[in-house]
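Worksheet: the structure to be examined is printed underneath.
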Amino acid sequence: QVQLVESGGGSVQAGGSLTLSCAASGRTFTQYTMGWFRQAPGKEREFVTATTRYGGNTNYADSVKGRFTISRDNAKNTVYLHMISLKPEDTAVYYCALDIDGRPWVRTTPSEYDYWGQGTQVTVSS
C-alpha cells in the first residue's frame, strides 16, 4: 500500500519562502515520477511541477518557473518543493502525487497520477 505524507505547509507573507516535503512508502520510489499539484478554493487541481525517476526530466507550470524547485532524495524516499518569492495567488492546498506509469517524461494531468497525499495548506498573505 503506497502512502504519501506531505508536511511543511503554513502561512507566510508575500515574498517569503517555504519548503514542502513528501515522504513516500510502500513502493520502490526511485522508479516513478513524483509531482506536486495544488488546488485553490473554487478551482480545479492544477499541475505545479514533477520530476521523473532519478530527476532525468523535470517540468514546471509557467506560473511557478523561477520561483519553485522540485528535488528528490531517493535514499529517503522523499520529494521536496522549495518555494521562494511566494505570492498570494500561490495560496492553495498542495498535494504530492506518484505516477507509476514509468514513462521517461513528466505528465501534467491529475488523472494520470495514481497515488496522492492528503495535502498541506499554504497560505500567502499580501
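Just so you know, these numbers come straight off a predicted model, no measurement behind them. Starting from 1, each residue takes its place in the sequence as its number.
Inter-residue side-chain proximity for Y94 and E6 is flagged as unmet; no heavy-atom pair is nearer than 4.5 Å.
Criterion: ILVMFWY side-chain heavy atoms under 4.5 Å apart, direct or through other members. Under it, I70 and L18 are part of a common hydrophobic cluster. If you chain together hydrophobic residues whose side chains sit under 4.5 Å apart, M34 and M83 fall into the same group. No chain of hydrophobic side-chain contacts below 4.5 Å, direct or via other Ile, Leu, Val, Met, Phe, Trp or Tyr residues, connects I84 to L81.
Counted within 6.0 Å of CD on E89, heavy atoms from surrounding residues, nucleotides or ligands total more than 12; the atom is thus considered enclosed. Heavy-atom contacts from other residues, nucleotides or ligands closer than 6.0 Å to CD of Q3 number 12 or fewer.
The line from OG1 of T52 to CG of D101 is 12.0 Å long, rounded to the nearest 0.5 Å. How far CZ of R103 is from CG of N57: 13.0 Å, rounded to the nearest 0.5 Å. Here CH2 of W36 is found 13.0 Å from OG1 of T51. Values are rounded to the nearest 0.5 Å.
Looking at S85, its side chain never comes within 3.5 Å of a backbone N or O of G15 through a donor-acceptor pair. Remark: side-chain polar atoms of N59 are not paired, donor with acceptor, to backbone N or O of V106 under 3.5 angstrom. In this structure, R38 contributes its side chain and A92 its backbone to no donor-acceptor pair below 3.5 Å. Looking at R45, its side chain never comes within 3.5 Å of a backbone N or O of P110 through a donor-acceptor pair.
F37 and Y113 have perpendicular rings, their planes meeting at more than 60° on a 0 to 90° scale where under 30° would count as parallel.
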>> Apply side-chain contact (heavy atoms from CB on, under 4.5 Å) to residues T91 and V124 and explain how you reach the verdict.
In response: CA-CA 5 Å; T91 295; V124 184; 3.8 Å; yes
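A salt bridge between D90 and K87 is absent, with no side-chain N of the basic residue lying under 4.0 Å from a carboxylate O of the acidic one.
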